[in-house]
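Worksheet for the structure shown next.
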Amino acid sequence: MSTTPTSERPRRLSMPKLTRRLTNVVIHVDEPNAEPVTPTSVPSLTGSKHIKLPASALNEWKSHLEPKKNDTESIKKDIVQQALETVCRNPYNLDNLAVYQATAHTVRNRLLQDWNLTQEAIHDQNPKRCYYLSMEFLIGRALDNALYCLQAKDNYKQSVKDLGFNLEDLLEQERDAALGNGGLGRLAACYMDAAATLDYPTWGYGLRYQYGIFKQIINSEGYQTEMPDYWLNSNGNPWEFPRTDIKYEVQFYGYVATKVNEKGESRMSWEGGDRVQAMAYDVPIPGFGTKGCGNIRLWSSKPLKTFDFASFNDGDYERSVADQTKAENLTSVLYPNDNHNVGKELRLKQEYFFVSASLQDIIHRFKHTNSAWKEFPDKVAVQLNDTHPTLAIPELQRILVDIEGLEWDDAWDIVTRVFAFTNHTVLPEALECWSVPMMEKILPRHMQIVYDINLFFLQKFEKVFQNDRGILNRVSIIEESNPQQVRMAYLAVVGSHTVNGVAALHSELIKTELFSEFIKYYGPEKFINITNGITPRRWLYQANPMLRNLITETLGSEKWVTHLDELKGLKKYAEDIAFQKKWMNVKLQNKIRLADWIKRNLDITVDPQALFDIQVKRIHEYKRQFMNILSVIYRYKNIQLLSEEERKDLVPRVVIFGGKSAPGYYIAKMVIKLITTVAQVVNNDETINDLLKVVYIPDYNVSLAEIIVPASDLSQHISTAGTEASGTSNMKFVLNGGLILGTVDGANIEIRDEIGAENIFMFGTLSDQVADIRHRQKYHGVPIDPNLQVVLHAIQSGEFGGFETASVFGPLINTLTYGGDYYLISADFEQYLDAHDRVDALFKDTTTWAQKSILCTAGMGFFSADRATREYADKIWNLKPITLNKKKKKKKPVKDDKDDQKRIQEDYSQWKKTAPVLYDMVITHNLTWPTLTCQWLPDRKKENGFVKQELLLGTHTNDEETNYAQFLDIDIPEKGLDTEEKKTQMYITQKICHEGEVNKARYQPHQPNIFATKTRDGDVLVFDRNLTSDKNSCEPKLRLKGHTMEGYGLAWNPHKSKQHHLLSAGFDNTVCHWDTSMTPNIDRELQPYQRYQGHTGCVEVNNKKEKKKKDLIPIGHFHIGSDDMKLLIWDSRDPVKPVKSVQAHEGEVNTVAFHPNKEWMLATGSSDKVTKKKKKKKKKKKGTVGLFDIRKIDKKLHSMELHEGEVTQVSWSPHDDPILASAGTDRRIVIWDLRHIGQEQTPEDAEDGPPEIMFVHSGHTSRISDFSWNPTDKWVLASAAEDNVVQVWQMNSLYCSEDCLRSDALNHHPLLGYDYAELKDFPRSTPSPTLTASSSSTVSLSPSLSSIASFKEVPVFQLNPSSDSVYQHFYQQKEKKLNPASILLSSWTKNIL
């Protein structure tokens, strides 16, 4: 290898001068026979140190694995063993810490069993995995949480007691893992808990901070000081596993060279610089109620060379360990102070170190799957938790291009389908920016890549906005300041496929303010909302055991722990006086616990009977702890002015603060100083008789929160409107029965909506008013509220700490005056005091307060981390849970895929031969992408010698291409299928852009231009094809909300009086009912006015017409079928419970269809298992079509069996009442004639199937997605399959002639209960004006359609009769000859496409 500088190399104008200089180095390399890398290339795995054991050795290992037992004797034995062998203590030198260590190791070992089980399941199932990148994980103490998850706490408590110790004392020995600071880290920990509980294959990645952020000390003068948090003490951390076998090198500084091989091919290479090593530490995260166990992998920085012996021998002792010190500094402290350049550099290096190690690990794991690079987004989802991990985007691009050898565009396509970005703030100062000079110095190659990403993005952007150069500056990743800055939030938006906010208001502000220019380019679909959630396991079940027991006793089970919406069952007890007393006694006991802690640790006496008013969170100006303490001063001044008699009417109040300020945040530190100063004065004023106490709890962390949160009567969440993204502490307090005093900001809004506005104290300026007020204050001065002026005067006059201290608070007060009061304390102060007055008045009414407290907890079901995690999995990650705890079944011999394809093609070839005899018409059309939906439109017209009619279709692309709802025009010559003058034509006439694949599309019967579609995220979209533009963006007329998961059930009401009513069913076990004529919200969204829930499996729905006969079932009914094998009949006037329920089949009920005229007649399709007599009770899954009379639904009228596999759709003919069609996974559509039920058969005929079989269509080579009867042409059907093919076909008229259909012997069927011969004249049903949900169309939810992996294209074929021979047909995949006497071969004259 040679290195030569060159000055003649073309320079890239997109790069800054420094970057251009760094690339003027060329390295010549020898790469013999290097294969080009493409997306289809499968990367090889190199460098693995793990030894693959032979089967015999592997079996030996497994044979010696013994599961841990949780009985008390086994636990005691394990604790003693760990004390002796791991902690090295004997019974004569034990203490609480040693026994805690021993106990923790025994619990950890039990978690390891679940951890290994989970990893083995992931390895076997090879699912898509999610990696959650977060700089913070505030997981709290692990022992108590693990004992609850293992359901072993009682046995451990007894075991420890038998050994002479108290479990509660041991729990206090554990130090909180100092891996975060505030809500960001606690949220990440909640999501890891939820993912483990829900069995999602999700790992967290973070950093192992040796000293955390810092240990907060309040010194004698009341200031915050910072000390190292020695949470990783000399005794070690029993909850982590050092992975010395997992290490990756991370590079900094250096230069960028161009590597050129002998062929002249070049690529960039990052050379030189410093390198450190990232070593992994794994922390298991147990799931609740499952054997699943998640994982957080933390990186610790290690030097490549720990000790420089030469420097040591030379006497330079500091230099001998310099590399070790420099490396370990990277992961010493969370968020090093960045008030100086050294701190900024360290923080940038820290973030890159984190993402580089994580991505190397992710790619290494991906290579184990032996998948091609193009499958990387199908196996990997990476969630960026705020902007800190954004460097992962250019880092992955660098790895794919520079190291793995992919082309830029191929690599960028992978990158943008892997990452998703969660934004947590709209505050400008919180949106990270890094200076370009610093990036060039520390990460020179990444700066190049960021420039290229920005250049290519702006080039595309400019094509859309050609005449607006200003907008390019506003969306540029590079901010043109001095020096230039890299805007990390913009980089995250450009490099991610989805951006989400964390509360409804926050997500709206993202669209309208923060990323409004990006919306113009990407459209609103890229920006979604997923409201934050908290884990009820930690924040109620573990933190509040007395309330946990009361709730469990009241609701009758612990189901609420994993299904938090079960808490709504508490609402009916809210006015129960006896229950209120129990509830408030729990609150009192929790307040006594907190009061004891305060006395024991802070030597402050507080009265548990007082109102506990709490604000604990990170100290920041926008969170307005400053306004809180100003109101405390106001209250204190008021108390001083009252007489003894007047004071008797006051509510005693204990105001509790807690939280840390960033080390370099001067104003926040001054707020802490003011709080502690006021506390010193108020708490020592004996004249106010304990009517007011102020407490500042130092070093606030998760364990303290578990004591504080259950004790709150009132919690304050009073951020300036529009500044708090969501907040999660508000959710924790309300979940524990605390009331909120808050602004209209963040998740406060959604909490209000869920628990009721009457159960929350809200005040303050609204977010859309903030900008105007700031403008007025900036240019016209701040009008200080008179009450606030009194408070400020008290501070400035030295009432709190004397005149010397008063001067200290000058800069703090100046933020309200000279600083323009940016956070609107003065503007909100009067409303804030009024809200406090309302709190005082209500607290005196103990009965009403208790009622509201109960209703607060009862309304918090929505705010579970489980719900939020499911939304991430469904809407962003496309993740499915893994399967655990199931015994492995012996694998049956499976035929080779090639054999299956060969058999299918042979069947298809045989079908082509028989088609001229079997059909009057077959028209086949190849689509670019498959469609999951197919429906004839009713309008038929003649034009230019053609008969024209349309099909409503959708697309199911690979997600790289845009999806559409589309209309396929079929033009058939009037004189016959094909003539010399005219040929049959099929072509797309209209394409309407759609969000993701179209799961189902159905038009409104009375307005066919209006149609609805089902999306994969659960929303239902309503379009007007006459008003829809050709823009490449999805612009529905309405967006119907209500589902949390996708589905396939969709049905319009056929009656004109209810034509706007629509039903939809989804895999969330819910049927939603909308009236689309209702007025939507500003975003054109409409919520359902009724929901129906009664299934435990995914559901499908079908509406029915009804008759006015009194003996029929009451009006307004519809039917649901689902995976739980049940049929439910609902009365739309009563959505609470179904009026009929029956176990319909042995297998899943995939599809249902009501008879269009006989409203009590119902057909179902299932996947029953049928015993085959010839094979000695061997069962095989076989499709069944069932007939039911809903008046006697407990007994099935009749079953029809022919499909080999599941029946996925059934549909009645709109023209002939006895005719029914069914489709199955066996690629066939069967036409049934119910007139022939019960007809006698010869043994030979019986081999072909039951007598009611009329016709079998076998023209598809893949599973059928949907089919539709033509509403105007009696025997014409259209069918669509996964092979991208749509077929329009009509069976031979021989099968459907009147002579063939009519049979005097079959006119009357006692089994079915009516005369088919009379059906032709049977009166049609009359719509009822009170009918709320009905349809004559089938709407089915087919589980077999929920995931489609691949599609096989089949060319268009033409069939023409070549001979008058006997053709063959297939039933049940058996070759059978047709009866020649039943075919008029001599009349064959038609050409068939």
Point-to-point distance, once rounded to the nearest 0.5 Å, from CD of Q609 to CG of D690:
13.0 Å
Looking at D607 and K693, is there a salt bridge between them, counting it only when a charged N and a carboxylate O are closer than 4.0 Å?
no
So, taking the atom named CG in D699 and the one named NZ in K215, what distance separates them when rounded to the nearest 0.5 Å?
4.5 Å
Does atom NZ (K568) have a neighbourhood of more than 12 heavy atoms from anything else shown, all under 6.0 Å?
yes
Of all heavy-atom pairs between N730 and A747, which one has the smallest distance, and what is that distance?
ND2-CB, 3.9 Å
Taking distance alone, no hydrogens or angles, what donor-acceptor pairs closer than 3.5 Å link side-chain atoms of residues 778-787 to residues at least two apart or in another chain?
residue : atom : partner : partner atom : Å
D785    : OD2  : N787    : N            : 2.9
D785    : OD2  : L788    : N            : 3.2

At their closest point, which heavy atom of A543 faces which heavy atom of P710, and how far apart are they?
O-CG, 3.5 Å
Under the salt bridge (charged side-chain N to carboxylate O under 4.0 Å, His left out) criterion, do D649 and K844 qualify, and how do the steps go?
CA-CA 9 Å; D649 195 43; K844 296 175 185 177; 3.2 Å; yes
Go through it in stages, so that I can follow the logic: the residues are Q580 and T847, the test is side chain to side chain contact (heavy atoms under 4.5 Å, CB included), and I'd like the CA-CA distance, side-chain angles, deciding distance and then a yes or no.
CA-CA 7 Å; Q580 288 180 0; T847 299; 3.4 Å; yes
Taking atom types as modelled, find out whether T728 and N532 have a side-chain donor-acceptor pair closer than 3.5 angstrom.
no
Taking the side chain as every heavy atom from C-beta outward, state whether L431 and N423 have any pair of such atoms under 4.5 Å apart.
yes
Can you see whether T531 engages N529 through a side-chain donor-acceptor pair at a distance of less than 3.5 angstrom?
yes
How long is the span from the CG atom in D229 to the CG atom in L179, to the nearest 0.5 Å?
9.5 Å
E172/R141 salt bridge by N-O under 4.0 Å criterion:
yes
Using a strict threshold of under 4.0 Å (side-chain N to carboxylate O), is an ion pair present between E706 and R538?
yes
Taking the six-membered ring of Y823 (Phe, Tyr or Trp), confirm whether the NZ or CZ of R624 is under 6.0 Å from its centre and within 45° of its axis.
no
In terms of the angle between their ring planes, are H620 and Y665 parallel, tilted or perpendicular, with boundaries placed at 30° and 60°?
perpendicular
Could R838 and F761 be counted as a cation-pi pair, given that NZ or CZ must be under 6.0 Å from the ring centre and within 45° of the axis?
no
Do Y636 and D685 come within less than 4.5 Å of each other through their side chains, counting heavy atoms only?
yes
Go through H717 and K623 one step at a time and tell me if the side chain to side chain contact (heavy atoms under 4.5 Å, CB included) criterion holds.
CA-CA 7 Å; H717 310 275; K623 294 180 182 290; over 6 Å; no
Atom pair CD (E136) and CG (L138), whose distance is rounded to the nearest 0.5 Å:
6.0 Å
CD1 of I551 to OH of Y573: how many Å apart, nearest 0.5 Å?
12.0 Å
Give me the ring orientation class for F829 and Y634: parallel if the planes are under 30° apart, tilted from 30 to 60°, perpendicular past 60°.
perpendicular
With no hydrogens and no angle check, do the side chains of S703 and N701 hold a donor and an acceptor under 3.5 Å apart?
no
From L842 CG over to L714 CG, what is the distance, rounded to the nearest 0.5 angstrom?
10.0 Å
Is K599 atom NZ crowded by more than 12 heavy atoms from other residues, nucleotides or ligands, each under 6.0 Å away?
yes
I need the minimum non-hydrogen distance between V694 and N683, along with the two atoms involved.
O-ND2, 2.7 Å
Could you give me the CA-CA distance, side-chain angles and deciding distance for V744 and N748, then say whether side chain to side chain contact (heavy atoms under 4.5 Å, CB included) is met?
CA-CA 6 Å; V744 188; N748 288 353; over 6 Å; no
Evaluate R618 against K660 for side chain to side chain contact (heavy atoms under 4.5 Å, CB included), listing each step before the verdict.
CA-CA 5 Å; R618 180 167 52 94; K660 297 178 180 180; over 6 Å; no
State, with a plain yes or no, whether a side-chain heavy atom of L509 is found less than 4.5 Å away from one of L514.
no
Less than 4.0 angstrom from a charged side-chain N to a carboxylate O is my criterion; do K669 and E226 meet it?
yes
Test item: Q224 side-chain N/O and I218 main-chain N/O as donor-acceptor pair under 3.5 Å:
no
Residue pair N736 / K587: nearest heavy atoms and the distance that separates them
O-NZ, 3.0 Å
Salt bridge between R635 and D840, side-chain N to carboxylate O under 4.0 Å?
yes
Would you mind checking if D713 and K591 are paired as a salt bridge, meaning a charged N to carboxylate O distance below 4.0 Å?
yes
Are the side chains of T743 and M762 in contact, using a 4.5 Å heavy-atom criterion?
no
Heavy-atom count around Q769 CD within 6.0 Å, excluding the residue itself: above 12?
yes
Quick check on E168: does its CD atom have over 12 non-hydrogen neighbours (other residues, nucleotides or ligands) under 6.0 Å away?
yes
More than 12 heavy atoms of other residues, nucleotides or ligands under 6.0 Å from CD of E758: is that the case?
yes
Using 30° and 60° as the class boundaries, would you call the ring planes of H836 and Y832 parallel, tilted or perpendicular?
perpendicular
